[in-house]
Amino acid sequence: AYGDRFPPYLFLLNVHQSAEGGENAIVNSNFVVEEMERSGDPHLVKTAQMLRTVPVDQTQYGANGATGIPCVSPIVQTLPNGRMMVKMATSSQNPATSAQKIEAKNDAWLAESIGHSLEERAKWDETDDLERDQEMIDTFKDAVFAATAHAPRFKILPGEALLVDNYTALHVREGYADMGRR
């Protein structure tokens, strides 16, 4: 759901909700990035710029340690139609090595399928600076968590569905007590 092949929309259908917990929240990811840019804080402004040019390893790993489809690309991307896509996966965004960044930058599939133009990919950072990149990821996560703390919570009732734009919305679900919830 978080790699370069992730779907543009996410549907959550509630069959049975947990009696306790499970509240949802939606945060506009474009808003988070734009607020970082407008903040006037040099660190946040620089981080927002880096989110567009520094590829990170966003490969998901299964509970059994199995590797998903490799994904190394910037967290914030502009699609060919001008639409912004922001990826947020709290446990699967890690600094990428310079070798991973170069391989992703030269990936023909990304250019064709996702629409990363040569001009856009030419801006991608190839530096092997794991500490700097981890700081960028952490700063972005902090901004997302801060926005999420203020987002209204709501429950999806049985029989209801939630449609989320997976490119521009960040979905949060609070912990729940009923492990049989569906």
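Computed from heavy atoms alone, side chains included, the values below leave out hydrogens, waters and symmetry copies. Position 1 is the first residue of the sequence; numbering continues from there.
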Which atom of [X] lies closest to which atom of [Y], heavy atoms considered:
X      : Y      : result
Arg132 : Asp125 : NH2-OD2, 2.8 Å
Ala25  : Ala151 : CB-CB, 4.0 Å
Ala96  : Pro55  : CB-O, 3.8 Å
Tyr167 : Pro8   : CE2-CA, 3.5 Å
Ser98  : Glu126 : CB-O, 3.0 Å
Trp124 : Pro74  : CZ2-CD, 3.4 Å

For residues [X] and [Y], determine if any side-chain heavy atom of one lies less than 4.5 Å from a side-chain heavy atom of the other.
X      : Y      : answer
Ser39  : Val45  : yes
Val32  : Val27  : yes
Gln17  : Pro158 : yes
Val164 : Ile26  : yes
Asp165 : His171 : no

Polar side chain donor-acceptor pair, [X] to [Y], under 3.5 angstrom:
X      : Y      : value
Ser73  : Gln77  : yes
Thr127 : Asp129 : no
Asp142 : Thr139 : no

Going from [atom1] on [X] to [atom2] on [Y], what distance comes out if it is rounded to the nearest 0.5 angstrom?
X      : Y     : atom1 : atom2 : answer
Leu44  : Arg38 : CG    : CZ    : 12.5 Å
Leu162 : Asn14 : CG    : CG    : 10.0 Å
Asn30  : Met85 : CG    : CE    : 11.5 Å
Lys123 : Arg52 : NZ    : CZ    : 10.5 Å
Ile137 : Met50 : CD1   : CE    : 9.0 Å
Met136 : Thr47 : CE    : OG1   : 8.0 Å

Under 3.5 Å, side chain of [X] to main-chain N/O of [Y], donor-acceptor pair present?
X      : Y      : result
Gln100 : Thr97  : yes
Ser18  : Gly21  : no
Glu23  : Tyr176 : no

- Query: So Glu37 and Val33, side chain to side chain contact (heavy atoms under 4.5 Å, CB included) or not? Walk me through it.
  - Reply: CA-CA 6 Å; Glu37 292 169 333; Val33 175; 4.2 Å; yes
Indicate, with yes or no, if [Y] and [X] share a hydrophobic cluster defined by side-chain heavy-atom contacts under 4.5 Å among Ile, Leu, Val, Met, Phe, Trp and Tyr.
X      : Y     : result
Met84  : Ile75 : yes
Ile156 : Leu10 : yes
Phe145 : Phe31 : no

- Query: Does atom CD of Glu160 have more than 12 heavy-atom neighbours from other groups under 6.0 Å away?
  - Reply: yes
- Between Gln58 and Val72, does a side chain to side chain contact (heavy atoms under 4.5 Å, CB included) hold up when you go through it step by step? CA-CA 6 Å; Gln58 302 182 74; Val72 177; over 6 Å; no
- When you look at Val56 and Asn94, which way does the side chain to side chain contact (heavy atoms under 4.5 Å, CB included) test go after all the steps? CA-CA 6 Å; Val56 299; Asn94 299 293; over 6 Å; no
- Task: List the steps, then state whether side chain to side chain contact (heavy atoms under 4.5 Å, CB included) holds for Asn166 with Tyr9.
- Result: CA-CA 5 Å; Asn166 205 23; Tyr9 300 99; 5.7 Å; no
- Query: So, are Glu174 and Arg153 salt-bridged, with charged N and O less than 4.0 Å apart?
  - Reply: yes
- Item | Candidate list Asp57, Asp133, Asp128, test salt bridge (charged side-chain N to carboxylate O under 4.0 Å, His left out), partner Lys101, passing option | Asp133
